[in-house]
Amino acid sequence: MNCSQAPSFILLGLSSDPEKRQLLFSIFLLLYLLGLLGNLLLLLAIGADVHLHTPMYFFLSQLSLVDLCFITTTAPKTLEALWTGDGSISFSGCLTQFYFFAVFADMDNLLLAVMAIDRYAAICHPLLYPLLMTPCRCEVLATGSWGVAHGVSLFYTLLLSQLYFHTNRRIPHFFCDSRPLLLLSCSDTHLNEGLMMALSGVLGISAILCIVSSYGCIFHAVARVPSAQGKRKALATCSSHLSVVLLFYSAVFATYLKPPSSSHSSGEVVAAVMYTLVTPTLNPFIYSLRNKDVKSSLRRILNMEKFQD
């Protein structure tokens with residue numbers, strides 16, 4: 001068979017119909033711009049308001065930064081392919097895109113777990129919260145998450161770089177992901193699949209267990225609060241985080257909850273659009289619309305700009 005270790009690929013994208021491509025281009029461009037705007041505004045609000053310099057908003061700013069980078073990893077190439085109809089991408093470009101995609105996907109996973117720990121400390125141990133979530137510990141958690149994400153992504157990318165692929169093959173996706181790349185390989189991928197599934201499983205299950213156990217303790221603590229108003233106030237700080245968790249993991253499960261070598265379906269592409277573009281775009285609006293502190297900070301920033309104008 002005609003194989004190469006560094007072939008060029010063609011991303012087939014979402015549709016080959018020119019009319020559908022124009023519509024999809026408009027939708028993707030709108031979502032991308034909304035994602036950029038929403039995450040940049042949230043970062044600006046948190047950075048400019050000293051009242052928001054707390055552990056919860058520190059992790060939220062990290063999530064916004066990750067989401068900003070996440071959508072920028074896949075959206076520009078997708079928009080180019082939809083506009084020109086040319087989805088060609090080099091082998092090095094494909095691996096680079098996959099590397100950063102994996103970094104930011106893992107960071108989303110890890111940050112959601114860290115944010116659950118923060119909410120557990122704030123609700124279950126409010127008196128010890130300033131001692132438990134010190135600025136130094138918050139930075140260690142964030143830095144450690146970045147380190148783990150880069151390490152795991154580098155491992156995945158090195159595994160893929162050693163494979164041989166059919167030359168000039170088409171990828172039935174709008175970005176370079178592990179599943180379609182493994183399907184196009186003419187090497188024996190069983191070891192790669194096993195290692196990637198094992199590491200992804202450990203990382204994903206650990207984060208989910210952390211989130212579930214944290215919220216189990218939170219709900220138990222809230223149930224003991226005597227007043228209904230106290231319960232609502234405690235749960236209000238968790239509602240946005242829970243919404244983001246449900247959005248992210250439902251899309252991820254729909255995409256990856258089966259062996260990497262199994263056939264690729266259109267439903268997986270739709271699910272991938274959800275967690276690579278829609279969810280990162282919605283996250284800042286979910287947090288800002290339900291958070292009085294963020295909304296008041298944004299109002300102050302906008303009012304200052306109007307006053308300067």
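Please read all numbers here as calculations on a predicted model, not as lab measurements.
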**Study point:** Aromatic ring pairing Phe100/Phe104, orientation class (parallel under 30°, perpendicular over 60°, tilted between)
**Key:** parallel
Point to revise | Aromatic plane relationship, Tyr156 with Phe98 - under 30° parallel, 30 to 60° tilted, over 60° perpendicular | key: tilted
Check your understanding: Which ILVMFWY residues can you reach from Leu209 by hopping between side chains whose heavy atoms are under 4.5 Å apart?
Key -> Ile205
Review point. Would Phe101 and Phe70 count as a close aromatic pair, with their ring centres under 6.0 Å?
Key: yes
Check your understanding: Between Tyr215 and His241, is the gap from one ring center to the other below 6.0 Å?
Key -> yes
When rounded to the nearest 0.5 angstrom, what distance separates [atom1] in [X] from [atom2] in [Y]?
{"X": "Leu141", "Y": "Trp146", "atom1": "CG", "atom2": "CH2", "value": "14.5 Å"}
{"X": "Phe9", "Y": "Ser90", "atom1": "CZ", "atom2": "OG", "value": "9.5 Å"}
{"X": "Leu60", "Y": "Leu65", "atom1": "CG", "atom2": "CG", "value": "11.5 Å"}
{"X": "Leu41", "Y": "Leu36", "atom1": "CG", "atom2": "CG", "value": "10.5 Å"}
{"X": "Leu112", "Y": "Ile208", "atom1": "CG", "atom2": "CD1", "value": "10.0 Å"}
{"X": "Leu159", "Y": "Glu193", "atom1": "CG", "atom2": "CD", "value": "11.0 Å"}

Point to revise | salt bridge (charged side-chain N to carboxylate O under 4.0 Å, His left out) contacts in which one or both residues fall within residues 40-57, not counting sequence neighbours | key: Asp49-Arg300
Please tabulate, for side-chain N and O atoms in residues 117-124, each donor-acceptor pair with protein atoms closer than 3.5 Å (sequence neighbours left out).
{"unit_1": "Asp118", "atom_1": "OD1", "unit_2": "Tyr129", "atom_2": "OH", "d": "2.5"}
{"unit_1": "Tyr120", "atom_1": "OH", "unit_2": "His125", "atom_2": "NE2", "d": "3.1"}

Point to revise | Any residue meeting salt bridge (charged side-chain N to carboxylate O under 4.0 Å, His left out) with Glu139, in chain and number order, not counting sequence neighbours | key: none
Can you name the closest pair of heavy atoms from [X] and [Y] and give their distance?
{"X": "Ser153", "Y": "Thr157", "result": "O-OG1, 2.8 Å"}
{"X": "Ser88", "Y": "Lys77", "result": "O-NZ, 2.8 Å"}
{"X": "Thr54", "Y": "His51", "result": "CG2-O, 3.8 Å"}
{"X": "Pro55", "Y": "Met133", "result": "CG-O, 3.4 Å"}
{"X": "Thr276", "Y": "Ile71", "result": "O-CG2, 3.4 Å"}
{"X": "Met196", "Y": "Ser178", "result": "CE-CB, 3.4 Å"}

Exercise for review: Can you spot which of Leu181, Leu184, Leu163 makes a side chain to side chain contact (heavy atoms under 4.5 Å, CB included) with Thr189?
Suggested key: Leu163
Check your understanding: Of all residues at least two apart in sequence or in a different chain, which pass the side chain to side chain donor-acceptor pair (under 3.5 Å) check with Asn109?
Key -> Tyr249
Are side-chain heavy atoms of [X] and [Y] found at a separation under 4.5 Å?
{"X": "Leu203", "Y": "Val148", "value": "yes"}
{"X": "Phe175", "Y": "Thr73", "value": "no"}
{"X": "Phe58", "Y": "Gln62", "value": "yes"}
{"X": "Leu95", "Y": "Leu160", "value": "yes"}

Exercise for review: Evaluate the side chain to side chain contact (heavy atoms under 4.5 Å, CB included) criterion for residues Leu11 and Cys176: first the C-alpha distance (whole Å), next the side-chain angles of each, then the deciding distance (0.1 Å), finally the verdict.
Suggested key: CA-CA 8 Å; Leu11 295 168; Cys176 293; 4.2 Å; yes
Practice item. Could you go through the side chain to side chain contact (heavy atoms under 4.5 Å, CB included) check for Asp177 and Ile171 one step at a time? Key: CA-CA 9 Å; Asp177 198 3; Ile171 299 177; over 6 Å; no
Atom pairs and distances, donor-acceptor, side-chain atoms in residues 21-32, under 3.5 Å, two or more places apart:
{"unit_1": "Arg21", "atom_1": "NE", "unit_2": "Leu82", "atom_2": "O", "d": "3.4"}
{"unit_1": "Arg21", "atom_1": "NH1", "unit_2": "Ser16", "atom_2": "O", "d": "3.3"}
{"unit_1": "Ser26", "atom_1": "OG", "unit_2": "Gln22", "atom_2": "O", "d": "3.1"}
{"unit_1": "Tyr32", "atom_1": "OH", "unit_2": "Thr72", "atom_2": "OG1", "d": "3.4"}

